[in-house]
Amino acid sequence: MSEEFETDSRQMLGQLREAMASESAGQARLDQITHLIANSMRTEVCSIYLFRDDVTLELCATEGLNPEAVHQTRMKVGEGLVGRVARKGHIVNTADAPSEPGFRFMAETGEEIFHSFLGLPIQRLGENLGVLVVQSKRTREFKPDEIIALEVVAMVLAEMTELGAFLGEGAALSARHQQPVLLRGGSAQEGAAEGHVWLHEPRVVITNPIADDPDVEFERLNEAVEQLRIGVDAMLDGAAGGDKDQLQVLEAYRMFANSKGWMRRMEQDITRGLSAEAAVEKEQSTARARMEQVTDAYLRERLHDLDDLSNRLLRFLTGQGVETGAEMPADPILIARNIGPAELLDYGRKLRGIVLEEGSVGSHAAIVARALAIPLVIHAKRITTEALNGDHVMVDGDQGIVHLRPDDSVATAFRDKIAMQAAAQERYASIRDKPATTVDGHTIALHMNAGLMADLPSLDSSGADGVGLFRTELQFLVRNKMPRRSELAVIYGNVLDAAHGKRVVFRTLDIGSDKVLAYMKPNDEPNPAMGWRAIRVGLDKPGVLRMQLQALMRAAAGRPLTIMFPFIAQSEEYTDAKAEIDKALTRERALGHILPENIEIGAMLETPSLAFAPDKFFRNVDFLSIGGNDLKQFFFAADRENERVRRRYDTLNVSFLSFIERIVDRCAKTATPLSFCGEDAGRPIEAACFAAIGVRTLSMRPASIGPVKSILRRTNIGELRAVIHAARDRGDQSVRPAVMDYLRQKS
Ligand code: PEP
Ligand code: MG
């Protein structure tokens with residue numbers, strides 16, 4: 001960059017700062033800024049467009065276009081050149097705007113006489129806040145120096161917008177962070193919650209984006225980076241010889257902390273007039289914008305690392321930390337980009353709700369949230385930038401909706417919903433100790449799924465008949481090193497104690513696929529859900545399986561024990577796994593441990609192949625449990641983790657239901673006890689249909705037991721079976737419409 005431009009850019013920032021410091025507020029301040037940018041850039045026009053709502057941009061100030069158009073001209077994201085800049089978050093630089101594809105002529109602005117157009121996104125940490133445009137009559141493209149200078153200005157504008165610098169009496173812009181916001185994400189745990197925002201990692205606020213003296217800023221940056229490097233080195237020393245993955249992340253940190261390119265770019269931004277923290281944040285913004293675009297998982301992780309490192313650096317520079325001194329509200333709703341299971345467990349049950357910007361339904365955090373029955377919304381884009389500590393927030397975990405700073409009408413409607421849910425809970429409580437006996441006299445056993453000690457109190461409160469699925473992997477997932485046999489024996493023993501003699505089905509470790517242990521080498525598999533997971537790992541590397549089996553036997557110590565193997569795809573896998581139990585028994589006997597009173601051994605049917613296994617297999621197992629989550633994804637070839645397809649096929653699709661019915665028939669023939677333990681077992685309509693086609697045991701999350709019992713007690717499943725068969729014979733794709741009609745008539 002030429003000396004001349006460095007000085008120009010610094011001068012421009014100097015003037016900007018004066019504008020910021022001036023008495024003028026809101027509109028006057030914006031007008032002043034467009035005026036001085038146009039002057040410095042020697043262009044006839046400078047305009048600032050800011051987002052009015054998620055999709056609409058509004059011309060908020062202009063030098064050179066028709067002043068009457070201010071606050072009148074609006075456009076949608078993607079519309080015209082300005083809309084294009086906003087949508088893509090990329091610069092548009094053209095010598096002849098009217099001939100650009102997508103150019104939209106706005107008569108009211110009088111812009112047709114301007115040929116050259118340079119538009120830049122006003123972005124803060126990957127979030128688009130608006131668009132900055134300069135235009136001139138002369139046909140010419142803007143030079144790289146000019147673009148860089150304007151980028152720096154756009155960065156400062158972003159900070160000013162964030163700080164509300166353009167708000168003021170009479171200003172047409174309304175206060176960001178004061179308005180109600182509705183965010184749509186995905187549901188990962190149902191339930192409704194009202195409370196106040198608690199940010200897991202409060203943002204660092206930059207109050208001084210512009211600096212006078214670059215030398216002072218260089219020094220500040222260098223000092224902070226030095227502190228950062230020392231910190232990373234200390235972490236590396238501390239982790240030496242330990243966990244490989246953690247080391248890998250720290251090595252990546254060190255690489256970034258010593259990256260010359262990163263330093264150079266930040267120093268250049270300081271030369272152009274930014275403060276050290278603004279320079280760090282500008283780099284962070286660029287990395288975030290890239291993060292949105294890269295699809296390569298490894299690269300995304302590294303960009304995450306850089307983001308994390310930038311946050312640390314900002315904390316050093318601003319003295320603001322995670323510990324902001326803010327007090328956690330009494331009714332906290334946790335807001336985070338993402339969170340690990342262990343951190344979530346630390347918060348525990350005091351959280352009313354959780355909203356994540358990222359996350360996935362099968363993530364460990366989601367599993368923990370479910371275990372704690374805390375409503376969880378994932379993929380709530382922008383929540384961490386929109387929410388401030390203490391904001392009033394309502395979380396609708398059923399619909400995946402978040403109302404941030406809701407207005408009164410929304411809050412009232414939402415509270416009605418919470419009240420209705422509470423009333424329903426009361427109804428369910430009244431039938432808690434009654435059996436799930438249908439109108440035509442069939443009793444369905446309702447068990448609960450669990451995975452943490454924290455789940456066990458639900459066994460009493462939900463009225464579950466037992467634990468139909470205890471997912472043992474959670475004990476492994478929430479730790480950062482492999483648990484020891486003795487530790488596991490204590491945990492499993494506590495589970496059995498808490499169950500007070502009710503049956504607990506312990507499923508052996510189901511890792512792989514989405515459940516990756518932090519302390520095991522990740523397998524770079526092209527399709528992990530169909531890869532080396534669950535019993536496949538257990539049989540190929542039996543050390544952990546053996547350890548777990550021994551821990552279970554020691555926990556049972558004279559009591560009955562039930563063990564289930566996950567993901568059995570062919571009969572031999574079951575025979576081999578069962579042989580491990582026999583070996584473990586022999587070992588335990590030799591060591592003089594008390595053996596379980598008896599052991600029931602079952603398999604999960606999660607791949608269609610097992611439904612076609614020989615009769616001998618069905619006779620050999622003590623019981624089978626349909627893992628509907630996996631079975632459905634393989635039946636329809638629709639990834640259960642992929643938001644695009646996971647809801648595409650109805651569980652009540654005739655093909656799937658007929659398939660389940662076939663499994664029921666096979667089990668009936670061999671007198672093999674059968675249960676269904678996927679998520680669908682907890683959905684009342686689905687549960688009633690499963691019962692109608694002959695499934696007599698269902699296992700579900702505890703909160704579903706009330707609603708499922710309630711529908712079963714009101715339904716004649718013989719009649720429902722006839723409705724299902726009639727729909728199938730008619731050729732319906734899904735039996736759902738017919739079933740819904742029938743249930744409506746009966747209610
Ligand atoms: C299933 O696949 O239905 C199941 C219960 O197991 P998980 O959800 O743990 O894979
Ligand atoms: Mg499964």
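We count ligands from 1, going down the list as the structure has it; atoms in each ligand are counted the same way.
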Checklist entry - Yes or no on side-chain hydrogen bond (donor to acceptor under 3.5 Å, both in side chains) for Thr384 and Glu357, after CA distance, side-chain angles and deciding distance? => result CA-CA 7 Å; Thr384 57; Glu357 207 158 293; 2.5 Å; yes
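One distance of note links CD of Glu190 with CG of Asp396; it measures 10.0 Å at 0.5 Å rounding. For the atom pair Ile601 CD1 and Ile581 CD1, the distance stands at 3.5 Å (nearest 0.5 Å).
The immediate protein surroundings of ligand 1, defined as residues with any heavy atom under 4.0 Å of it, consist of Leu469, Arg471, Arg507, Asp510, Lys515, Met604, Glu606, Gly627, Gly628, Asn629, Asp630, Arg640, Cys677, Gly678.
Ring planes of Phe635 and Phe659: parallel class, angle under 30° (limits at 30 and 60°). Aromatic ring orientation, Phe617 versus Tyr574: perpendicular (interplanar angle above 60°, classes split at 30° and 60°).
Counting heavy-atom neighbours within 6.0 Å of Glu572 CD, excluding the residue itself, gives a total of 12 or less.
Protein N/O/S atoms found under 2.8 Å from the Mg ion (ligand 2): Glu606 OE1, Asp630 OD2.
Between the side chains of Thr438 and Thr715, no donor N or O sits under 3.5 Å from an acceptor N or O.
In this structure, Glu686 contributes its side chain and Thr651 its backbone to no donor-acceptor pair below 3.5 Å.
Counting all heavy atoms, side chain and backbone alike, Ala555 lies closest to Ala489 at CB-O, 3.4 Å.
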